[in-house]
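One-based numbering along the sequence shown. Hydrogens, waters and symmetry mates are skipped; everything else that's a heavy atom, side chains included, is used.
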Amino acid sequence: MAAALARRGGGGLARALARGRGMCSATAAERAAGAALTSEELMRMERERSAHNYHPIPVVFSKGEGSHILDPEGNKYIDFLSAYSAVNQGHCHPKVLRALKEQAERLTLSSRAFYNDKFPIFAEYLTSMFGYEMMLPMNTGAEGVETAIKLVRKWGYEKKKIPKNEALIVSCCGCFHGRTLGVISMSCDNDATRGFGPLVPGHLKVDFGDIDGLEKIFKDHGERICGFLFEPIQGEAGVIIPPDGYLKAVRDLCSRHNILMIADEIQTGIARTGKMLACDWENIRPDVVILGKALGAGVVPVSAVLADKDIMLCIKPGEHGSTFGGNPLASAVAVASLKVVTDEGLVERAAKLGQEFRDQLQKVQQRFPQIIREVRGRGLLNAVDLSNEALSPASAYDICIKLKERGVLAKPTHDTIIRLAPPLPEELAEASKAFSDVLEHDLPQLQKQIKKTESAAEKQSCDRCGRDLY
């Protein structure tokens, strides 16, 4: 067969068949068996064998414990990204791992075609903790958002009596809710949308924090709007905090116009901001809450949509589902993850130490006012906004590389903003000192080493709404 394919021009396939379908090379098999590899070898393998859909900081995670990371060479780092707030409880929390191991030895998957003895306990625990009547389990945060969109549309047609296929959802400019096709259809991130069209219709945009703009959209299109989807604090946009009173005003508007208020608390929930939910800062109750990330403590992906029966029961059997959603392993892990949050007082810890951390960063800002434009955040979700002019020709990514060399792991967003969100608050002072040292010692060297471009980078505008981006 291989010879026949080669005669017809199928040389590449012929060679693959000659080697044996599905056969690994000896080297690959050795590596899979756990042969020791260096960080450089591992990063090279990933570049060669994996899609280039991320631009990671060049460090390899080999072991994690609490807020610390070790690479294959044994170098130790403090994690200030927390897997985008997925490990609020800390890496490999022993209580969560114990739940994982115990359940893995009993049952890992039933699918929702049958009942299992862990999901009902998870459902009861989660709904009681957050004060909602029902939940719908999924796996990833993006799946949670897709689920909420479907649920709210279904409610719009069944309960609000929106005409068929005319339901609209309003979301905010600068939002980030995931990268599925349905979710990027409301995105203002050109990298997320270009080349992936046609996008899903039925979306309207408003500026985050603009209550007057939201009221106008509700007045103009309210009869066809089923939901307003928002992040209480915009994470990917750079930890953007809305004006005081904004969430309460949104709640009032949604109630007045019979529009469901949908809070994406995937990154901001589970104690990250110094409250159990970021919406708790204004004591408001959304109609729908989406949870994910830290719900699984970085051990397994778990997400969930919370709502009351009047909304949740609009979805009937067969209309939505997930093979893995609500699996017993994830359910056991999620309950353990939530118990760690309450038992260890992570809400109070995040509030207290987050303020201390911002105080430390503001002292760094006082030393470098021309470089640091703003320090902002709530709890342990914080950002340092840097001046593009003062950094040039360096970028926030370059600053993160230098932070890594000083033992602190962080990631930039939108070229000039660095998010700082540790899982555990043991070394806050060490991180703020590293930041200060990078600006004092490393940045001047970077600016000499990096070649200046001939002209300043052009401002990017959103393909959807034409606004300047970040």
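A distance of 10.5 Å separates OG in Ser67 from CG in Leu409, rounded to the nearest 0.5 Å. Between atom CD1 of residue Ile290 and atom CG of residue Leu151 there is a gap of 9.5 Å, rounded to the nearest 0.5 Å. A distance of 9.0 Å separates OG of Ser303 from CG of Leu291, quoted to the nearest 0.5 Å. Separating the CD1 atom in Ile262 from the CD1 atom in Ile169 is a distance of 5.0 Å, to the nearest 0.5 Å. Between atom CG of residue Asn75 and atom CG of residue Leu70 there is a gap of 8.5 Å, rounded to the nearest 0.5 Å. Within the model, atoms SG of Cys173 and CD of Gln234 stand 8.5 Å from one another, a figure rounded to the nearest 0.5 Å.
A cation-pi arrangement, defined by a distance under 6.0 Å to the six-membered ring centre and an angle within 45 degrees of its axis, is absent between Arg419 and Tyr84.
The residues Arg194 and Asp189 are annotated as not salt-bridged, no charged nitrogen and carboxylate oxygen being separated by less than 4.0 angstrom. Asp212 and Lys216 are not joined by a salt bridge, as no carboxylate oxygen comes within less than 4.0 angstrom of a charged side-chain nitrogen. Remark: Asp442 engages Arg406 in a salt bridge, criterion side-chain N to carboxylate O under 4.0 Å. Using a 4.0 Å cut-off between a side-chain N of Lys or Arg and a carboxylate O of Asp or Glu, Glu405 and Lys402 qualify as a salt bridge. No salt bridge links Glu102 with Arg98; every basic N to acidic carboxylate O contact stays at or beyond 4.0 Å. The residues Arg367 and Glu440 are annotated as salt-bridged, a charged nitrogen and a carboxylate oxygen being separated by less than 4.0 angstrom.
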- prompt: Given Met129 and Thr342, is the side chain to side chain contact (heavy atoms under 4.5 Å, CB included) satisfied, shown in steps?
  reply: CA-CA 10 Å; Met129 175 178 269; Thr342 54; 3.5 Å; yes
message: For a side-chain hydrogen bond (donor to acceptor under 3.5 Å, both in side chains) check, start with the C-alpha distance between Asp79 and His91, then their side-chain angles and the critical distance, and finish with the verdict.
response: CA-CA 9 Å; Asp79 181 4; His91 290 279; 2.7 Å; yes
- request: Could you please spell out the steps behind the ring pair (Phe, Tyr, Trp, His ring centres under 6.0 Å) verdict for Tyr125 and Phe130?
  value: CA-CA 9 Å; Tyr125 196 91; Phe130 289 96; 9.3 Å; no
field: Verdict with reasoning, Glu282 to Arg251, per salt bridge (Lys or Arg N to Asp or Glu O under 4.0 Å)
entry: CA-CA 10 Å; Glu282 295 198 18; Arg251 176 67 278 173; over 6 Å; no
- prompt: Between Ser337 and Gln89, is a side chain to side chain contact (heavy atoms under 4.5 Å, CB included) present by the stated rule, with each step listed?
  reply: CA-CA 7 Å; Ser337 301; Gln89 299 87 342; 3.5 Å; yes
message: Let's go through His93 and Glu65 carefully: what are the C-alpha distance in whole Å and the side-chain angles of both, what is the deciding distance for side-chain hydrogen bond (donor to acceptor under 3.5 Å, both in side chains) to 0.1 Å, and is it a yes or a no?
response: CA-CA 7 Å; His93 195 288; Glu65 183 177 353; over 6 Å; no
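Side chain to side chain, Glu146 and His177 fail the donor-acceptor criterion of an N or O pair below 3.5 Å. Looking only at atom types and distance, the side chain of Glu73 has a donor-acceptor partner in the side chain of Ser39 under 3.5 Å away.
Side chain of Asp220 to main chain of Ile217: no donor-acceptor pair is present (N/O by atom type, distance under 3.5 Å, no hydrogens or angles). Distance alone, capped at 3.5 Å, places no donor-acceptor pair between the Ser387 side chain and the Arg373 backbone. When atom types are taken as modelled, the side chain of Gln103 and the backbone of Leu100 share no donor-acceptor pair closer than 3.5 angstrom. Ser392 places no side-chain N or O within donor-acceptor distance of the main-chain N or O of Asn388, the cut-off being under 3.5 Å. Proximity of a side-chain donor or acceptor of Lys275 to a complementary backbone N or O of Trp281 within less than 3.5 Å is not detected. Distance alone, capped at 3.5 Å, places no donor-acceptor pair between the Arg358 side chain and the Arg376 backbone. Within the 3.5 Å criterion, the main-chain N or O of Phe176 finds a donor-acceptor partner in the side chain of Glu231. Side-chain atoms of Ser432 never come within 3.5 Å of backbone atoms of Gln360 as a donor-acceptor pair (strictly under, hydrogens ignored). Side chain of Lys95 to main chain of Val340: no donor-acceptor pair is present (N/O by atom type, distance under 3.5 Å, no hydrogens or angles). Glu143 places a side-chain N or O within donor-acceptor distance of the main-chain N or O of Thr140, the cut-off being under 3.5 Å.
Put simply, the residue from Leu428, Asn88, Val408, Ile78 that forms a side chain to side chain contact (heavy atoms under 4.5 Å, CB included) with Pro422 is Leu428.
For Asp343, the CG atom is densely surrounded, since the number of other residues' heavy atoms within 6.0 Å is greater than 12.
Of all the heavy atoms in Pro286 and Ile284, the pair that sits closest is CD-O, 3.6 Å.
For Phe230 and Tyr246, the gap between ring centers reaches or exceeds 6.0 Å.
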